[in-house]
Number of protein chains: 2
Amino acid sequence: MKMQDGLSEFIERQLRNRCGMSGADYQVLAHLSEAPEGRLRSFELGQLLRWEKSRLSQHLGRMQNRGLVSRERCLADQRGAVVAITPRGSDLIKVAAPQHVADVRDVLIDHLTATEMAMLVTIGDKVAERLATLEHKH
Amino acid sequence: MKMQDGLSEFIERQLRNRCGMSGADYQVLAHLSEAPEGRLRSFELGQLLRWEKSRLSQHLGRMQNRGLVSRERCLADQRGAVVAITPRGSDLIKVAAPQHVADVRDVLIDHLTATEMAMLVTIGDKVAERLATLEHKH
DNA sequence: CCCATTTGGTTAATGTGTGAACCAGAAGCT
DNA sequence: AGCTTCTGGTTCACACATTAACCAAATGGG
């Protein structure tokens, strides 16, 4: 628990202080920048992030106000929305990503042996699998 | 990351649905119930939880409104506050604790081998230590 | 085709976390 | 004593997450 809280608090703080963005912002931009043309249907993004749809809607609204993403109506589905990364958002994630990766190395990966790292991955997979079956059981 | 998010989301949801309390509530009550006479100075509680003082103040306000804790002025230090667990809070944590422990077993401990569990503890300690030194360096 | 249901998305209410400003009482220094 | 600095707490403004309610466009039977 201490590791969990400490890790996310540290990562969150680094992103905030150095890039003026939250972990949530980072994930949104990361997914968008990896998508073809930097654009995704809103609900696709929601599935990738596993977020409540209201959360996504509100968060995208704030990011749009800051000029990090833009929203357009979808042509194929009249009720749908397409969200696209802006040049400003693209620049931001390009700066943030390497620092973020370095931080994760610095606080986690660099201090574990190969065995520990491998074990951590298998543990993570096991837990994720267990959580998935619980979730599937409704 | 998936393990981290999944675990805390699951635990949080179980507490909320079954006991009507958040993980934050649980931690506050847990610390108070372990303290002598179920009472602690506000700042001591803050140090145990590693919370911002404004967070603690606001959260205690809400818990007081729900009758889970009470606050009194401190005799020794005129500006200080003492926070105490109420009978209602005490009952709640007594019901919640075993369920909480069972949930943690169910989703984490029971599915790991002894080796994995031991390794996870080692990893947690290493990371916590690393975080502590970073924090200490200001 | 018509009507019920589902799906994509927004909005409002409430609970929760963070940083800054603020205040009163304590401690320390001269 | 008198002055500064530190400490314990609250409050405000804002960012953020969840739930429920809502709406319009799609879908799927009859």
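Sequence lines set the chain letters: A, B, ... in the order given, protein chains first and strands last, and positions in each chain run from 1.
dT10(C) atom C1' lies 17 Å from atom CZ of Phe43(A), rounded to whole Å. Rounded to an integer number of Å, the gap from CD of Gln58(A) to P of dT11(C) is 9 Å. Counting to the nearest Å, the C1' atom of dT10(C) and the CH2 atom of Trp51(A) are 16 Å from each other. As rounded to whole Å, 12 Å separates atom C1' of dG17(C) from atom CD of Glu12(B). Between His59(B) atom NE2 and dG17(C) atom P there is a gap of 6 Å when expressed in whole angstrom units. dT10(C) atom P lies 14 Å from atom CE of Met63(A), rounded to whole Å. Rounding to whole angstrom units, CD of residue Gln78(B) and C1' of dA27(C) are separated by 16 Å. Following rounding to the nearest Å, Met21(B) (CE) and dT16(C) (C1') show an atom-to-atom distance of 15 Å.
A close approach under 4.0 Å does occur between a side-chain nitrogen or oxygen of Arg62(B) and OP1 or OP2 of dT16(C).
If Glu52(B) and Arg55(A) are placed on DNA chain C by their nearest nucleotide, the residue sitting closer to the 5' end is Arg55(A). Across the interface with DNA chain D, nearest-nucleotide mapping of Asp77(B) and Ser54(B) shows Asp77(B) to be the residue nearer the 5′ end.
A donor-acceptor contact under 3.5 angstrom links the side chains of Gln99(A) and Arg18(A), judged on distance only. Residues Lys94(A) and Ser90(A) bring a donor and an acceptor atom of their side chains to less than 3.5 Å of each other. Defined by atom type and a distance below 3.5 Å, a donor-acceptor pair is missing between the side-chain atoms of Thr122(A) and Asp125(A).
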Intermediate values then yes/no, salt bridge (charged side-chain N to carboxylate O under 4.0 Å, His left out), Lys126(A) and Glu116(B): CA-CA 11 Å; Lys126(A) 277 192 179 181; Glu116(B) 286 167 344; 3.0 Å; yes

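Distances were taken from every side-chain heavy atom of Lys53(A) (C-beta onward) to each of dG17(C), dG8(C), dA26(C); the shortest belongs to dG8(C). The Arg16(B) side chain lies nearest to dT16(C) when the options are dT18(C), dA26(C), dT16(C).
Within the 4.0 angstrom heavy-atom criterion, no nucleotide atom of any strand lies near Arg66(B). Across all strands, Ser57(B) comes closer than 4.0 Å to base atoms (heavy-atom distances). The residue Arg73(A) sits apart from the nucleic acid: no heavy atom pair falls under 4.0 Å.
Residues Leu40(B) and Leu32(B) are in side-chain contact: their nearest non-hydrogen atoms beyond the backbone lie under 4.5 Å apart. Between Val69(B) and Leu29(B), the closest side-chain pair of non-hydrogen atoms falls below 4.5 Å.
For Asp25(A) (side chain) and Ser22(A) (main-chain N/O), a donor-acceptor pair under 3.5 Å exists by modelled atom type.
Bracketed by its first and final contacts, the part of DNA chain D lying under 4.0 Å from non-hydrogen atoms of chain A reaches from dC16(D) to dA26(D) in 5' to 3' order.
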